[in-house]
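The block underneath contains the structure these notes are about, expressed in structure tokens.
Values below: all heavy atoms of this structure, side chains included; hydrogens, waters and symmetry mates excluded. Chain naming here is simple, since letters A, B, ... match the order of the sequence lines and numbering starts at 1 in each.
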There are 2 protein chains.
Amino acid sequence: MAKKLAKSAVSQKRVLDAAARIFRDYGYAGTTMRTIADEADLKAGSIYYHYKSKDELISAVLDLSIRLLIDDVKGALAALPEGASGRDRVQAAMHAHLSSILTNGDYTLSSRRVIGQVPESIRNQNMRLRDSYAAIWQDILKGAQAGGEFRASANMSLVRLFVLGALNWTVEWFKPGGRSIEEVASEFTDLILDGLSDKSAADSAVSPVKPKMRAQAPSRVV
Amino acid sequence: MAKKLAKSAVSQKRVLDAAARIFRDYGYAGTTMRTIADEADLKAGSIYYHYKSKDELISAVLDLSIRLLIDDVKGALAALPEGASGRDRVQAAMHAHLSSILTNGDYTLSSRRVIGQVPESIRNQNMRLRDSYAAIWQDILKGAQAGGEFRASANMSLVRLFVLGALNWTVEWFKPGGRSIEEVASEFTDLILDGLSDKSAADSAVSPVKPKMRAQAPSRVV
DNA sequence: CACAAAATCAAACGCTAGTTCGAAAATTGC
DNA sequence: GCAATTTTCGAACTAGCGTTTGATTTTGTG
């Protein structure tokens, strides 16, 4: 009788991946079922066997996008030793966030590009997931501040928005083959934790950092 | 006889403003000439008296968006006293950038949301403007680093991407009526310049203070 | 007021969108 | 290897798209 088997699941994922790429490149309205079908080696009508509408497709892309991120960051935090400092936790979360969104760039980018154009109910559903992700960060930051590691004068909500903004923006300019994810994560972590100013005109010989001299194509900004 | 008068210019601007808002909300393909026309209190066909295609419209929105930003930031830098420190220049540029993109949120957001979906020639034209804006920032940062104000170990291209990323992201969450632009700008500036860590405990008691102005020869910038 | 120029309108055009559905093909259990 | 089931197809439908065009209204000037 009825038996759920692999064939369907494989096609379903193939369609979803294709959708993420096409939504990323053409936006919500600009994406057509026929284009997705082409990308997934299918005909347009066949998509409806797996997803019952374009909205259900974009909804699935949006949800997977944020779920992948939450899982990666939670995983990285769980892998830390028990007594890890706030600094370590921030560092781990930043690296995991960056690695996740850059590795799943299709989903992250398409998500970012269509989130504002999607029917409101779909957006609201997705926003709830995103809020729960923000809460994870808020815990890390507040914890480190309560422990005295971070300046008491800093507003942790703004810090979170600052850091996540800078991280999320990387999908706009990061290109594989240039700087490594680790390189970017490390530099960004240093920046947010210690700042840009040279605090020690005297003991500046302390920082054991090697200068990086990788030629890079002009990066897009704004 | 023929006389160019204001009426046309007024309508033209009204259509452009409407287009920015609609492109922002619905993306490139999702925006229809009829919707723009409604928003501008016109009929769809009438738009073609002012702009000869949808592409010309989006092109005008994209260009105005980046031009407004460039003018604001250049203006703020020009208003600084001659010997202003790198710190002051970064602060002024950050504030001007933030203020500009949040004040012109319709243009900034629509620009961000459609830039990836627009015909390539339009995108390339706009990218050239954006590269010139990036160059302004690169000059500020490199100048301050050369003057010894910023850590020599920091990669200024990454710093620029970090800072502008965090700033640009504000359009996603900033809502008038909440925190003021000045408040956000000030906190962000402190963060990037001095970092999040509380240095008052162990680290050097040399300069935990914040000298607003550095006595220093005017670094060559721009 | 009159009338030419400027600005807007209403209707229509060809095209492509999301979606539906019965038929065809591929796959599976026995 | 066959019949039942799952999956895919292809054609069709309606709706709405950007754009064109000739007619119509509004505007500024003598």
Side-chain angles (χ1 to χ4, degrees), chain A residues 1-62 110 113-114 117-122, chain B residues 1-23 25-62 110 114 117-122:
Chain A
M1 302 302 261
K3 196 157 170 207
K4 298 282 189 72
L5 229 14
K7 168 100 186 282
S8 181
V10 168
S11 282
Q12 192 164 338
K13 186 54 167 33
R14 195 158 34 95
V15 169
L16 195 64
D17 287 347
R21 286 192 294 272
I22 303 298
F23 276 123
R24 175 198 62 186
D25 290 343
Y26 299 99
Y28 176 66
T31 291
T32 77
M33 298 301 269
R34 286 166 178 85
T35 312
I36 295 176
D38 269 4
E39 179 86 4
D41 270 316
L42 239 67
K43 298 298 172 182
S46 309
I47 295 181
Y48 289 82
Y49 181 78
H50 302 285
Y51 298 91
K52 69 168 177 281
S53 72
K54 185 180 177 183
D55 281 359
E56 194 178 285
L57 241 185
I58 188 60
S59 188
V61 169
L62 291 176
S110 68
R113 297 231 168 110
V114 306
Q117 302 158 20
V118 121
E120 203 180 324
S121 62
I122 294 180
Chain B
M1 307 295 270
K3 195 156 174 213
K4 296 281 187 74
L5 227 16
K7 170 96 186 287
S8 180
V10 168
S11 282
Q12 193 164 338
K13 186 56 166 33
R14 194 157 34 94
V15 169
L16 195 64
D17 288 347
R21 286 192 294 273
I22 303 300
F23 277 123
D25 290 343
Y26 300 97
Y28 177 67
T31 292
T32 77
M33 298 302 268
R34 288 165 177 87
T35 311
I36 295 176
D38 269 4
E39 179 86 4
D41 269 317
L42 238 68
K43 298 299 172 184
S46 309
I47 295 180
Y48 289 81
Y49 182 79
H50 302 285
Y51 298 91
K52 67 168 178 283
S53 71
K54 184 181 177 181
D55 281 359
E56 194 177 285
L57 242 185
I58 188 60
S59 188
V61 169
L62 290 177
S110 68
V114 307
Q117 303 158 18
V118 124
E120 200 179 328
S121 62
I122 295 179

NA contact type, A:T31, heavy-atom cut-off 4.0 Å: base, sugar-phosphate, or nothing?
sugar-phosphate
Rounded to whole angstroms, how far apart are [atom1] on [X] and [atom2] on [N]?
| X | N | atom1 | atom2 | answer |
| --- | --- | --- | --- | --- |
| A:R14 | D:dT8 | CZ | C1' | 11 Å |
| A:Y48 | C:dG18 | OH | P | 7 Å |
| B:I58 | D:dT19 | CD1 | C1' | 18 Å |
| B:L57 | D:dT19 | CG | P | 9 Å |
| A:E56 | C:dT19 | CD | C1' | 14 Å |
| B:I36 | D:dT19 | CD1 | P | 10 Å |
| B:I22 | D:dC17 | CD1 | C1' | 16 Å |
| B:I47 | C:dA7 | CD1 | C1' | 14 Å |

Does A:Y26, at its OH atom, have more than 12 non-hydrogen atoms belonging to other residues, nucleotides or ligands within less than 6.0 Å?
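No, because the 6.0 Å sphere around OH of A:Y26 holds 12 heavy atoms or fewer from other groups.
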Does a side chain donor of either A:S11 or A:R14 reach within less than 3.5 Å of an acceptor in the other side chain?
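The answer is yes; a qualifying pair exists.
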Taking the side chain as C-beta and beyond, is there a heavy-atom pair between A:S110 and A:Y28 under 4.5 Å?
no
N or O in side chain of [X] less than 4.0 angstrom from [N] OP1/OP2:
| X | N | answer |
| --- | --- | --- |
| B:H50 | C:dA6 | no |
| A:S11 | D:dT8 | yes |
| A:S46 | D:dT7 | no |
| A:K43 | D:dT8 | no |

Look at the side chain of B:R34 and the base of D:dG18, then say whether one donor and one acceptor between them are separated by less than 3.5 Å.
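Side chain to base: pair found, below 3.5 Å.
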Choosing from [options], which nucleotide comes nearest the side chain of [X]?
| X | options | value |
| --- | --- | --- |
| B:T32 | D:dT19, C:dT8, D:dC17 | D:dC17 |
| A:M33 | D:dG18, C:dT8, C:dT19 | C:dT19 |
| A:Y49 | C:dA7, D:dT7, D:dT19 | D:dT7 |

Can A:K54 be said to sit on top of A:Y48's aromatic six-ring, NZ or CZ under 6.0 Å from centre and within 45° of the ring axis?
no
Find the distance between CG (A:L16) and CZ (A:F23) and round it off to the nearest 0.5 Å.
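It is 9.5 Å, given to the nearest 0.5 Å.
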